[in-house]
Trainee: 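Please see the structure below; I have some questions.
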Amino acid sequence: MKIEIAHLPHDIIEVIYPSEVTPKDVADYVEQLKKDITARGGKEWSALVDQSKLRVMPSTVVGEMARLNAYAQQRGMVRSARVVVDPGSGLQAWRMTKNAGLTIPAKTFETRAEALAWLEAPDAD
């Protein structure tokens, strides 16, 4: 299965991971997301990353995702919300965020609805 990318209202890019990812899936995803980010022309946007089906990201992918998050922050990403279903997934998401050197608000959530609500109301923090 491929990693899905959707464009939502409120300048949110949603990424939905399948239960497993291959190196080709990741390469295709990175290429497409970079195109999508570039097309935004530096306009601010937020990321909603649903990792609820992907329990643990393969270690070979974590570094690539950290680099992609750093790239995204440099090109307009102002908030990042991740949907995870267990503490291990949450810890891995936190490590990836730290490795990316993100300085923007980034949180993990147990449901997509909670994550989306946080992204749609940035002044509610």
Side-chain angles (χ1 to χ4, degrees):
M1 291 180 88
K2 294 181 122 189
I3 301 169
E4 297 177 46
I5 301 172
H7 298 269
L8 306 179
H10 305 284
D11 294 314
I12 297 171
I13 296 177
E14 181 176 27
V15 175
I16 303 169
Y17 281 85
S19 59
E20 295 179 14
V21 293
T22 66
K24 178 159 179 20
D25 294 336
V26 172
D28 291 348
Y29 159 65
V30 168
E31 181 181 342
Q32 183 58 53
L33 190 59
K34 283 185 174 182
K35 286 179 185 175
D36 290 359
I37 291 169
T38 300
R40 299 180 86 65
K43 184 177 176 188
E44 291 185 349
W45 57 280
S46 297
L48 171 57
V49 181
D50 187 340
Q51 293 178 243
S52 60
K53 293 178 189 167
L54 182 67
R55 300 289 181 187
V56 177
M57 189 175 290
S59 59
T60 55
V61 174
V62 173
E64 182 70 23
M65 293 302 103
R67 286 186 293 279
L68 181 59
N69 273 268
Y71 176 91
Q73 178 178 274
Q74 293 169 351
R75 287 160 182 83
M77 183 173 71
V78 294
R79 291 167 72 83
S80 177
R82 296 190 178 279
V83 180
V84 298
V85 293
D86 58 46
S89 302
L91 180 58
Q92 188 178 50
W94 176 82
R95 282 186 187 140
M96 189 277 310
T97 299
K98 183 179 177 190
N99 290 344
L102 296 186
T103 57
I104 61 169
K107 290 187 177 186
T108 57
F109 297 88
E110 292 181 3
T111 69
R112 179 184 183 275
E114 292 171 323
L116 193 55
W118 181 71
L119 291 173
E120 290 176 340
D123 297 328
D125 283 340

Trainee: Taking the side chain as C-beta and beyond, is there a heavy-atom pair between P105 and R79 under 4.5 Å?
Mentor: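 In short, these two side chains touch, coming nearer than 4.5 Å.
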Trainee: If we only count heavy atoms from C-beta on, is the I104 to S80 side-chain gap below 4.5 Å?
Mentor: yes
Trainee: To check you understand the geometry: which heavy-atom pair defines the closest contact between A100 and A66, and what is its length?
Mentor: CB-O, 3.2 Å
Trainee: For the pair W118 and K107, evaluate side-chain contact (heavy atoms from CB on, under 4.5 Å) and give the outcome as yes or no after the intermediate values.
Mentor: CA-CA 9 Å; W118 181 71; K107 290 187 177 186; 3.5 Å; yes
Trainee: Ignoring hydrogens, what is the shortest heavy-atom contact between A47 and M77? Give both atom names and the distance.
Mentor: CB-SD, 3.6 Å
Trainee: When clusters are formed by joining ILVMFWY residues with side-chain heavy atoms under 4.5 Å apart, either directly or through shared neighbours, do L116 and V85 land in the same one?
Mentor: no
Trainee: Could you check whether any side-chain N or O of E64 sits under 3.5 Å from a backbone N or O of V26, counting only pairs where one atom can act as donor and the other as acceptor?
Mentor: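 The answer is no, because no donor-acceptor pair under 3.5 Å joins these two groups.
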Trainee: Sorted by first residue and then second, give each salt bridge (Lys or Arg N to Asp or Glu O under 4.0 Å) pair with at least one member in residues 40-51; sequence neighbours left out.
Mentor: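 Output for this query lists D11-R40, D11-K43.
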Trainee: Under 4.0 Å between a side-chain nitrogen and a carboxylate oxygen: does that hold for E14 and R112?
Mentor: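 Salt bridge present between E14 and R112.
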Trainee: Measure the spacing between CD of E120 and CG of L8 and express it to the nearest 0.5 Å.
Mentor: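 Answer for the CD-CG pair, E120 versus L8, is 8.0 Å.
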Trainee: CG of D28 to OG1 of T22: how many Å apart, nearest 0.5 Å?
Mentor: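 Answer for the CG-OG1 pair, D28 versus T22, is 7.5 Å.
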Trainee: Decide yes or no on side-chain contact (heavy atoms from CB on, under 4.5 Å) for S46 and V78, but give the supporting numbers first.
Mentor: CA-CA 6 Å; S46 297; V78 294; 4.0 Å; yes
Trainee: Tell me whether R67 forms a cation-pi arrangement with Y71, defined as NZ or CZ under 6.0 Å from the six-membered ring centre and within 45 degrees of its axis.
Mentor: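 Negative - R67 is either too far from the ring of Y71 or too far off its axis.
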Trainee: Indicate, with yes or no, if L102 and V30 share a hydrophobic cluster defined by side-chain heavy-atom contacts under 4.5 Å among Ile, Leu, Val, Met, Phe, Trp and Tyr.
Mentor: yes
Trainee: In terms of hydrophobic clusters joined by side-chain contacts under 4.5 Å, are I16 and Y29 together?
Mentor: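 Each belongs to a different hydrophobic cluster.
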Trainee: If you measure from CD1 on I37 to CD on Q32, what distance do you get to the nearest 0.5 Å?
Mentor: 10.5 Å
Trainee: Dump the intermediate steps for side-chain contact (heavy atoms from CB on, under 4.5 Å) on K34 and L68, then the final yes or no.
Mentor: CA-CA 8 Å; K34 283 185 174 182; L68 181 59; 4.1 Å; yes
Trainee: Keeping the roles fixed (side chain from Q73, backbone from T103), state whether a donor-acceptor pair exists under 3.5 Å.
Mentor: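 Answer holds: yes.
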Trainee: Mind checking whether I3 and W45 sit in one hydrophobic cluster, side chains of I, L, V, M, F, W, Y counted as touching below 4.5 Å?
Mentor: yes
Trainee: Is there a donor-acceptor pair closer than 3.5 Å between any side-chain N or O of D25 and the backbone N or O of V21?
Mentor: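 Here the side-chain-to-backbone pair does not exist.
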Trainee: What verdict does the side-chain contact (heavy atoms from CB on, under 4.5 Å) test give for V49 and Y17, after you've listed the backbone C-alpha separation in whole Å, the side-chain angles of each residue and the deciding distance to 0.1 Å?
Mentor: CA-CA 8 Å; V49 181; Y17 281 85; 3.5 Å; yes
Trainee: As an exercise, state the distance from CD1 of I12 to CG of L48, rounded to the nearest 0.5 Å.
Mentor: 7.0 Å
